[in-house]
Amino acid sequence: MSKGQFAIIGTGEVPCGWYPDRSHLEIASMAAYLAIKDAGINKDDIDGVLGQMSIMGNDWNTEVTFGRLPEALGIKNCKTTALVSSGGASSHSIRKAAEGLLISGHDMVLCVHSQRFSEFTPGQLAEGFAKAGCDPEWEIPYGMSFNALGAMVTQRYCYETGTTVEQVGSVCVAARKWALLQDNAMNKKDLTLEQVMGSRMVSTPLTAFMCNVLADGGSAFIMTTAERAKKLVDKPIYILGEGSRYSHRNLTKAKDLTRIVTKPAADEAYNKSGLGPEDMDIAQIYASYPVFTLMIFEDMGFCKRGEAGKYFMDGNTMPGGKMPVCTNGEALSFGHTGTGVGTALLVESVRQLQGKAGRAQVPGARFLIEDCGGGAFMDVHCAVLGNEIP
Amino acid sequence: MSTEYNKPLPVPQKWSREFWKGTKDHKFLLKKCKDCGNIDHPPYYYCTECMSLEHEWVEASGKGTIYTYSTTYMGAPPVFTKEQPFTLAMIDLEEGPRMLSRIVDALPEEMKIGADVEVVFEDVTEDTTLVMFRLVK
Ligand SMILES: [Zn+2]
């Protein structure tokens, strides 16, 4: 990909939360409908439709694999449809798949994510996520869970950097402030640091409010080449630079547990875009657990190692702050939609840069860095996006 | 030992059967490459450093230190709920690899990063023995 070769021209999103009456297909159809209307294009110009793998919802994955989306969405000129999977990193892998289609004979690709967790009990979800995140032979027999994974990373990060658990908790407070500005966010009530620290202990040092909450949700976006995008919409959002790194499957094999692999991925994205952290108006960070927000923020170049906790605690990343972070409230407050957390952040990124972010709008936002990652923090994909090509 | 053990048991791969055979005899074995000396844990089909298929199983000292840990009070998968609170840890083995396991016989407040631990074999069923650790006090 060369700088600014591809662009996103429209996005759609459904409310995130517990909606047992809403099917996977309903979420996908609503998100796609909104994305097509937002881009203002004719649906018959779309010739590729990609669905994101949903986690635990295997019937839906089968539906997408067997071509449900183009038929249901009336994409008459569809040439290719496929299911794309990659843990929580799907907003990246689906974009890569879309780019592949765009350089090989397709004009416009619709990408759709849909997830329903409300069909499962809390116990099934705990078990399902343990199975997905942990090793069946070497971890699950010991009672490993996703929360324990996040907790162990938090413990080690605080030990190495001197960051306090309260500072980690302040990430959740900031996330909630942003979510309150989002109509589609799951959580609608303010959250104080006292509430975060005083909520029930889940896995030391993580309390209940420091763990994300699973939710139903979905979003969609439409991608095309920059050349085509300029003719179609007023404000195409360009992908200016990207960088990716894989680290591990089992967290015990992580290359560096308290840094994961953000720095090389972020540096690569900055280099390709010709921009640096000082040019970014927003950082959209896929974290799911607050400690990852801090370590990724540091490795994106916004703070020195060990200083992010204080920076967050001082309110710098909240609405109106110096450096807005996760303007949709992320998994912690917008809601954790499985593989869709990164897609929701990508969609919010596009809205921000198009000036369509409503009450959460960061005035004059031109450039931002976003990342997503998947599995048990197995990888990091950073992208610098902009509403102009610098 | 209980015949009603309802928690998930490891399902060995062909190349890890020796490990679980070892634990049954209360031996903690690691898969070591005969060509480059690399120890893979978890073990895989070939040596993840040099791709050699030649390996031997070497007995580990069973000693290590705690790299990180967490005590789970709630939210564990349902079959583990009754055991809460329990403590999981990543242990840096003397031989190099880092592994995840359970720390037994320790109060949550006794846990510390860098603490020395030693292996304990837990015979959870007639056929399966899990490798756990306890603090060296
Ligand atoms: Zn070797």
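All heavy atoms count here, side chains included; hydrogens, waters and symmetry mates do not. Chain naming here is simple, since letters A, B, ... match the order of the sequence lines and numbering starts at 1 in each.
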Asker: Counting only heavy atoms not in B:Y45, do more than 12 fall under 6.0 Å of its OH?
Answerer: no
Asker: Rounded to the nearest 0.5 Å, what separates atom CE in B:M74 from atom CG in A:N147?
Answerer: 9.0 Å
Asker: What part of B:L100 gets closer than 4.5 Å to chain A, counting heavy atoms only: side chain, backbone, both or neither?
Answerer: both
Asker: Using a cut-off of 6.0 Å, state whether more than 12 heavy atoms not belonging to A:Y19 lie near its atom OH.
Answerer: yes
Asker: Which one of A:A126, A:S203, A:C134, A:S145 has the most heavy-atom pairs closer than 4.5 Å to chain B?
Answerer: A:S203
Asker: Given heavy-atom pairs under 4.5 angstrom as the criterion, report whether the side chain, backbone, both or neither of A:L257 touches chain B.
Answerer: both
Asker: Are there more than 12 heavy atoms of other residues, nucleotides or ligands under 6.0 Å from atom NZ of B:K14?
Answerer: no
Asker: Looking at B:K31, I want to see if its NZ is surrounded by more than 12 non-hydrogen atoms of other residues, nucleotides or ligands under 6.0 Å.
Answerer: yes
Asker: Is it the backbone or the side chain of B:F80 that comes under 4.5 Å from a heavy atom of chain A, or both, or neither?
Answerer: side chain
Asker: Side chain from CB out, backbone as N, CA, C, O: work out which of these in B:Y69 comes under 4.5 Å of a heavy atom of chain A, or both, or neither.
Answerer: both
Asker: Determine the minimum heavy-atom distance between B:S16 and A:E137, stating which atoms define it.
Answerer: OG-OE2, 2.6 Å
Asker: Does B:K112 NZ have over 12 foreign heavy atoms under 6.0 Å away?
Answerer: no
Asker: Side chain, backbone, both or neither: which part of B:V79 has a heavy atom under 4.5 Å from chain A?
Answerer: neither
Asker: Where on B:P12 is there a heavy atom nearer than 4.5 Å to chain A: the side chain, the backbone, both, or neither?
Answerer: both
Asker: Please check if atom NZ in A:K310 has more than 12 non-hydrogen atoms from other residues, nucleotides or ligands closer than 6.0 Å.
Answerer: no
Asker: Under 4.5 Å from any heavy atom of chain A, what part of B:Q13 do you find: side chain, backbone, both or neither?
Answerer: both
Asker: Report yes or no: do A:Q155 and B:S70 form a side-chain donor-acceptor pair below 3.5 Å?
Answerer: no
Asker: Sort A:K131 into side chain, backbone, both or neither according to what part of it lies under 4.5 angstrom from a heavy atom of chain B.
Answerer: neither
Asker: If only atom types and distance count, is the side chain of A:T204 paired as donor or acceptor with the main-chain N or O of B:T71 below 3.5 Å?
Answerer: yes
Asker: Can you tell me which portion of B:F19 sits under 4.5 Å from chain A's heavy atoms? Options are side chain, backbone, both or neither.
Answerer: side chain
Asker: Please work out whether the ring planes of B:W20 and A:W138 are parallel, tilted or perpendicular, with thresholds of 30° and 60°.
Answerer: parallel
Asker: Could you go through B:Y67 and A:R156, starting from their C-alpha distance and side-chain angles, then the distance that decides it, and tell me whether this counts as side-chain contact (heavy atoms from CB on, under 4.5 Å)?
Answerer: CA-CA 7 Å; B:Y67 175 74; A:R156 183 75 198 186; 3.3 Å; yes
Asker: Using every non-hydrogen atom in the two residues, find where A:E127 and B:P77 come nearest and quote the distance to one decimal.
Answerer: CA-CB, 4.3 Å
Asker: Who wins among B:I91, B:V11, B:L130, B:L9 for the most heavy-atom pairs under 4.5 Å with chain A?
Answerer: B:L130
Asker: Contact part of A:L149 toward chain B, heavy-atom cut-off under 4.5 Å: side chain, backbone, both or neither?
Answerer: neither
Asker: OH/A:Y142 to CD/B:E122 distance, rounded to the nearest 0.5 angstrom?
Answerer: 9.5 Å
Asker: Quick check for you: to the nearest 0.5 Å, what is the distance between A:K253 atom NZ and B:M99 atom CE?
Answerer: 12.5 Å
